[in-house]
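The analysis underlying the following values was restricted to heavy atoms, covering all of them including side chains, and did not include hydrogens, waters or symmetry mates.
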Amino acid sequence: MESISIYIHIPFCVRKCLYCDFLSSPAENQEMEDYIEALCCEIAEQGSSYVNYTVQTIFIGGGTPSILPGKCIEQILETVFKCYHVGQECEISMEVNPGTVTSDKLISWKRAGINRLSIGLQSAVDKELKLLGRIHTFQDFLNTYGQTVKTGFNNINIDLMSAIPEQSLSSYQYTLERITGLVPPPTHISSYSLIVEEGTPFYENPPELPDEDCEREMYKITGDFLKTMGYQQYEISNYARPGFECRHNQVYWKRGNYVGFGIGAASMVENVRFKNTENLGSYVNYYCGQDAEGQKEKTIRECVQKLSLEEQMEEFMFLGLRMIRGISEESFREQFGKTIEQVYPGIVEDFCKKGLLRRKTDPETGEKRIALTSRGIDVSNLVMAEFLLT
């Protein structure tokens with residue numbers, strides 16, 4: 001059977017953070033209950049389309065999925081297990097935020113099958129958290145982490161942010177030290193630089209941020225320090241202890257099949273990309289409204305796109321180059337019937353001469369690979385833009 005991954009979107013949160021441009025907002029209990037009903041209907045209805053696939057990873061994201069009662073997460077995953085062939089070793093992740101976690105919820109999540117949690121901390125400095133608009137303090141995080149470990153979760157990611165308002169090199173170093181000093185330490189750490197997106201409060205009233213030189217130094221500190229603490233960088237912004245790399249995210253970077261459920265959820269199955277409507281009312285009415293049956297002649301899917309061969313090649317390059325191992329030249333030839341040099345004449349060689357890319361032979365498999373150098377990561381957007389064909 002072919003493999004597929006599932007993404008489930010929960011669009012609710014306690015309060016929007018000042019930098020957040022994700023599809024999320026606060027909601028009343030009834031609105032959340034109606035959405036979960038519609039979500040489970042979608043998951044069940046689509047099951048017949050994927051009978052020939054084995055689910056290898058599930059990721060529940062948002063928003064803040066942990067805002068939901070534990071029974072809702074159990075209901076969602078019960079529907080998935082009932083309607084899909086879920087592999088025995090399936091990685092099942094969920095995003096959680098401090099301040100929304102209780103012991104009862106943790107027990108429910110474990111009972112539902114969740115085996116990996118991703119905790120959104122961002123910073124260990126309370127002042128920085130407040131400037132971001134986070135609803136929690138660092139102590140709230142410590143309480144959540146302690147509860148999580150006590151409940152028996154042993155695969156935990158911590159999300160951090162760099163280049164945020166009033167952050168310094170020393171305060172960022174402090175955050176890294178506090179996180180790696182946890183007992184037991186997290187198995188995975190993600191650290192992303194703040195990007196001010198249009199439509200957010202930060203875009204309307206830009207805060208003062210660390211300059212580019214400071215941001216680059218923070219990035220270097222992350223890799224250097226985490227390496228000394230036993231973490232291996234396997235993607236531009238992700239670090240893991242051996243064996244704890246996020247399998248779900250690697251499906252995206254390697255262009256595997258995945259299907260998304262919920263509003264705004266994106267999918268790619270057999271090189272066809274599609275996305276659900278972002279309109280919550282339309283989504284709920286489609287599955288649960290009084291005229292739900294009549295709606296079936298319509299669709300809630302938007303942006304259906306069959307990827308051309310050129311678009312597939314582009315994605316292979318700029319998604320694959322996010323990974324520290326880079327991309328396999330042999331895999332490119334097998335998938336597309338041409339070598340990278342035939343499709344991108346001179347580009348790889350030129351970037352290698354400039355010190356932005358490097359060719360290497362994998363010591364384990366013997367395959368030839370192309371990867372970004374440290375300098376290349378600093379200007380990764382520039383490098384990846386050269387692999388656009390359309």
Side-chain angles (χ1 to χ4, degrees), residues 4-16 20 22-50 55 57-84 86 90 92-97 99-118 120 135 248 258-267 274-293 295-296 298-302:
I4 198 166
S5 291
I6 289 176
Y7 173 76
I8 298 169
H9 188 66
I10 306 300
F12 307 120
C13 59
V14 176
R15 184 182 69 210
K16 291 280 282 188
C20 180
F22 295 131
L23 183 57
S24 62
S25 63
E28 299 295 330
N29 288 340
Q30 187 60 54
E31 189 175 17
M32 290 192 280
E33 290 176 11
D34 291 345
Y35 179 78
I36 298 305
E37 181 182 353
L39 179 63
C40 289
C41 285
E42 183 192 10
I43 293 170
E45 185 178 282
Q46 294 297 319
S48 60
S49 299
Y50 303 102
V55 178
T57 69
I58 301 169
F59 195 101
I60 305 175
T64 305
S66 53
I67 197 175
L68 295 175
K71 64 179 181 180
C72 291
I73 301 300
E74 292 190 63
Q75 180 185 352
I76 292 167
L77 287 177
E78 182 180 345
T79 306
V80 173
F81 276 87
K82 180 180 179 180
C83 301
Y84 298 79
V86 179
C90 184
I92 307 178
S93 305
M94 189 174 83
E95 293 178 342
V96 305
N97 276 352
T100 62
V101 177
T102 65
S103 296
D104 287 343
K105 286 183 180 181
L106 286 162
I107 293 170
S108 289
W109 300 341
K110 200 162 186 62
R111 183 166 57 228
I114 291 171
N115 51 34
R116 181 178 184 273
L117 293 179
S118 181
I135 66 167
H248 185 86
Y258 59 91
V259 58
F261 299 117
I263 61 170
S267 307
F274 50 95
K275 180 182 176 183
N276 282 350
T277 178
E278 295 187 0
N279 188 294
L280 181 63
S282 297
Y283 178 83
V284 172
N285 286 334
Y286 181 84
Y287 286 108
C288 303
Q290 293 182 349
D291 58 346
E293 289 305 314
Q295 290 278 354
K296 296 309 177 187
K298 302 179 182 179
T299 180
I300 58 163
R301 287 182 177 175
E302 301 173 346

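Residues satisfying the salt bridge (Lys or Arg N to Asp or Glu O under 4.0 Å) test with Lys105, not counting sequence neighbours, are none. The side-chain contact (heavy atoms from CB on, under 4.5 Å) search around Gln75 returns Ile36, Cys40, not counting sequence neighbours. Partners of Asn279 by side-chain hydrogen bond (donor to acceptor under 3.5 Å, both in side chains), not counting sequence neighbours, listed by chain and number: Ser282. Judged as a salt bridge (Lys or Arg N to Asp or Glu O under 4.0 Å), and not counting sequence neighbours, Glu37 has no contacts. Scanning for side-chain contact (heavy atoms from CB on, under 4.5 Å) contacts around Ala266 gives an empty result, with sequence neighbours left out. For the side-chain contact (heavy atoms from CB on, under 4.5 Å) test, residues two or more places apart in sequence or in another chain that qualify with Ser5 are Gln56, Thr57, His248, Val251, Tyr258. For Phe274, there are no ring-ring contact (aromatic ring centres under 6.0 Å, His included) partners, not counting sequence neighbours. The side-chain contact (heavy atoms from CB on, under 4.5 Å) search around Gln30 returns Glu33, Asp34, not counting sequence neighbours. Listed by chain and residue number, nothing satisfies the side-chain hydrogen bond (donor to acceptor under 3.5 Å, both in side chains) test with Tyr50 (two or more places apart in sequence, or in another chain). Residues passing the salt bridge (Lys or Arg N to Asp or Glu O under 4.0 Å) test with Glu74 are Arg111, sequence neighbours excluded. Remark: Glu95 engages no residue in a side-chain hydrogen bond (donor to acceptor under 3.5 Å, both in side chains) (not counting sequence neighbours).
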Show me, pair by pair, the donor-acceptor contacts under 3.5 angstrom made by side chains of residues 58-73, not counting sequence neighbours?
{"residue": "Thr64", "atom": "OG1", "partner": "Asn97", "partner atom": "ND2", "Å": "3.3"}
{"residue": "Ser66", "atom": "OG", "partner": "Asn97", "partner atom": "N", "Å": "3.1"}
{"residue": "Ser66", "atom": "OG", "partner": "Thr100", "partner atom": "OG1", "Å": "2.6"}

